[in-house]
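Reading through the structure tokens given below for one structure.
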Amino acid sequence: MSVEPVDPGSRRVVVADDDAFGRAIIGALLRNLGYEVIEAGNGDEAWACLERSGAGILVTDWMMPDCDGPELCRRVRERAGHYVYVIMLTSHSHRSAVVEGLEAGADDFLRKPPDPEELRVRLKTGERIVGLERQLSLRNQHLHETNARLCQAYERIESDLAAAARSQESLLPRRGPVSGIVVDWMFEPSSHVGGDVFDIVPLGNGTLLFFHIDVVGHGVRAALHSFAVHGLLSATLGRRAAEGGPLPAEAWWRHALSALAEINERFSTAEGESSYFTMLLGLIDGASGRGSLIQAGHPSPVLLHAGTRQVEFLGEGGLPVGLIPGATWEPLPFVLEPGDRLALYSDGIVEAERPGDGLFADERLARHFADTAERPLAEVVAGLGACLRAWREGAAPEDDLSMLVLERPSSGRPAIQECNPS
Amino acid sequence: MIHAEEQGGRLVVRIDHQRFDAAFVPSFRAEMDRLIAAGHERFVLDLAPVDFMDSSGLGALVAVLKQLGDPARLPVCGARGPVAKLIRLTRLDKVLRLHDDVAGALAVPG
């Protein structure tokens with residue numbers, strides 16, 4: 001630890017005595033000991049000297065006109081901006097005077113006339129205490145400044161993250177009808193930003209591309225990867241459509257699967273700490289409700305059959321993207337009849353945990369969709385969010401929670417609810 | 001949290017931890033790195049005490065598998081409940097050498 005510089009205030013002494021002779025003697029003794037001495041003829045003057053000079057030690061006579069020793073002492077304790085070590089000179093040393101002096105805030109007493117050796121050691125004590133006090137206040141000030149800098153840095157990080165969260169949300173699709181399909185979603189990252197991302201993109205000719213991705217981990221690292229993956233998929237899978245019009249589903253899948261194989265090789269053979277993601281990627285024709293999807297390690301999507309209120313989990317799994325080199329996937333066909341719903345979601349939903357009661361699990365998710373089969377879509381999605389919060393008993397989510405729901409509207413149920421707050 | 005013991009010519013690494021998740025991954029990676037650096041090549045990974053594994057845990061498991069170069073060097077046993085479900089869902093049951101228990105993993109020569 002470094003030695004802090006000696007503070008000059010601890011070697012600067014104000015001597016207050018209305019008796020000029022007594023003052024001069026003490027002053028001379030202290031100067032001989034190497035102290036810087038400022039003499040004051042009364043209490044008010046002494047106070048002014050203390051304030052002006054920043055002296056750390058005060059030697060004051062008890063009896064002075066107007067402002068006496070105890071009064072000066074009280075003023076020092078109430079108003080001084082730094083600690084002043086106060087030695088009071090008394091001609092009487094009975095107990096009541098000691099009590100009054102201590103109560104006024106004196107640190108030490110000296111009999112008048114002071115013995116030079118006693119004066120020396122008592123001043124030494126004062127000097128030590130003033131030195132310690134000043135070191136302490138310097139350190140406090142240092143801590144205070146460090147703390148202020150930390151607060152500032154924290155606020156900057158918070159506002160950066162909030163901005164990142166806004167740009168992440170701006171990537172999410174619009175709620176409502178698109179090419180004959182009604183879309184709704186929920187998105188609750190476990191921190192400001194998350195590793196979940198999803199989108200639904202019209203490819204023209206009534207065909208929609210949709211995907212839901214969960215990048216391993218959560219927080220900023222996962223969010224950065226999810227931004228990258230979103231860009232990669234939109235660029236590779238949306239491009240062909242823009243260039244040459246919509247492809248037939250089979251041709252599109254050939255193109256998509258080879259793009260995916262490329263992404264898989266790039267991620268899974270990367271050096272060092274690699275990242276991977278799970279995904280559902282699909283294609284649906286809004287007019288017929290015919291679609292196909294691949295399941296890359298993502299939870300099996302929920303398909304609610306509106307007619308029977310039966311809930312089916314589509315698919316049996318598949319390798320994630322970017323984990324194992326050479327992975328392949330096979331599109332799985334499905335059909336959305338009028339009123340049917342298809343929900344794609346991250347594992348955070350079924351793995352939401354209630355302390356001592358286990359996971360939310362597929363069963364509760366299925367029941368929610370069956371129970372709300374007659375309700376408008378927005379209500380189903382908002383209701384699930386409320387269910388999950390209740391299941392966690394108000395605790396913050398441990399993992400990112402998100403869900404993308406596609407509905408093929410039917411005449412028997414309102415496709416869009418009357419009042420949409422968002 | 002991680003218990004390693006020589007058994008039948010292999011090092012049996014038991015994860016004595018309920019959650020094999022992002023928070024646990026660094027200690028798992030560090031311990032496996034240490035054991036591999038100490039010259040061990042043939043393991044059995046016993047997941048029996050694990051109740052829950054997340055995607056980070058799965059990623060770490062595959063990373064160690066890649067480090068060893070051959071799934072046969074790290075047969076996995078004791079996966080149950082959500083852990084077994086995750087392995088099935090991600091089709092890693094086709095990649096990993098899975099066994100019911102340590103005895104089953106040790107019975108396979110190699």
Side-chain angles (χ1 to χ4, degrees), chain A residues 190-191 195-196 213-219 221-222 225 267-280 294-301 313-330 346-348 350-353 356 358-362 398-400, chain B residues 17-34 36-37 45 47 49-76 79-98:
Chain A
S190 59
S191 55
D196 291 1
I213 293 167
D214 181 354
V215 177
V216 62
H218 28 89
R221 195 178 124 93
H225 278 125
F267 274 64
S268 61
T269 55
E271 290 286 320
E273 272 310 300
S274 61
S275 181
Y276 70 94
F277 56 93
T278 67
M279 174 173 71
L280 285 167
I294 59 155
Q295 183 181 18
H298 216 62
S300 296
F313 286 91
L314 290 182
E316 314 224 296
L319 284 165
V321 183
L323 194 60
I324 307 287
T328 56
W329 300 271
E330 194 66 40
S346 56
D347 53 8
V350 280
E351 285 166 5
E353 207 166 358
L359 308 178
F360 190 71
D362 293 354
E398 292 218 356
D399 194 2
D400 303 325
Chain B
H17 194 68
Q18 289 187 338
R19 295 179 65 89
F20 198 142
D21 58 7
F24 179 71
V25 161
S27 35
F28 173 69
R29 291 301 303 272
E31 183 62 7
M32 290 308 294
D33 281 347
R34 193 181 69 78
I36 292 168
L45 185 66
L47 296 178
V50 179
D51 291 333
F52 176 78
M53 181 186 268
D54 73 355
S55 55
S56 302
L58 194 74
L61 174 52
V62 172
V64 172
L65 217 58
K66 285 181 183 170
Q67 206 174 336
L68 290 169
D70 179 1
R73 288 188 172 162
L74 187 74
V76 174
R80 58 189 169 80
V83 182
K85 191 184 164 195
L86 179 70
I87 290 173
R88 259 199 322 275
L89 183 67
T90 53
R91 289 285 165 84
L92 284 185
D93 49 357
K94 305 278 184 280
V95 177
L96 300 171
R97 303 284 193 273
L98 291 170

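Naming convention: chains lettered A, B, ... in sequence-line order (proteins, then strands); numbering from 1 in each chain. All values derive from a computational prediction rather than experimental measurement.
- Taking the side chain as every heavy atom from C-beta outward, Leu359(A) and Pro82(B) approach each other to under 4.5 Å.
- When each of Lys85(B), Arg88(B), Arg91(B) is checked for heavy-atom pairs under 4.5 Å with chain A, Arg91(B) comes out on top.
- Taking the side chain as every heavy atom from C-beta outward, Leu58(B) and Leu323(A) approach each other to under 4.5 Å.
- Atom CD of Glu316(A) sits in a sparse spot, with 12 or fewer heavy atoms from other residues, nucleotides or ligands closer than 6.0 Å.
- By the neighbour-count criterion of 12 heavy atoms within 6.0 Å, atom CD of Glu398(A) is sparsely surrounded, having that number or fewer from other residues, nucleotides or ligands.
- Atom-to-atom distance recorded for Glu351(A):CD and Phe52(B):CZ is 4.0 Å, nearest 0.5 angstrom.
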Problem set entry | Trace of the side chain to side chain contact (heavy atoms under 4.5 Å, CB included) decision for Ser300(A) with Leu89(B) | CA-CA 8 Å; Ser300(A) 296; Leu89(B) 183 67; 4.3 Å; yes
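- Between the CG atom in Leu96(B) and the CD1 atom in Ile324(A) there is a gap of 7.5 Å [rounded to 0.5 Å].
- Once rounded to the nearest 0.5 Å, the distance linking OG1 of Thr90(B) with NE2 of His298(A) reads 13.0 Å.
- Not one N or O on the side chain of Lys66(B) forms a donor-acceptor pair closer than 3.5 Å with the backbone of Thr269(A).
- Chosen from Gly318(A), Pro325(A), Pro320(A), the residue pairing most often with chain B at heavy-atom distances under 4.5 Å is Gly318(A).
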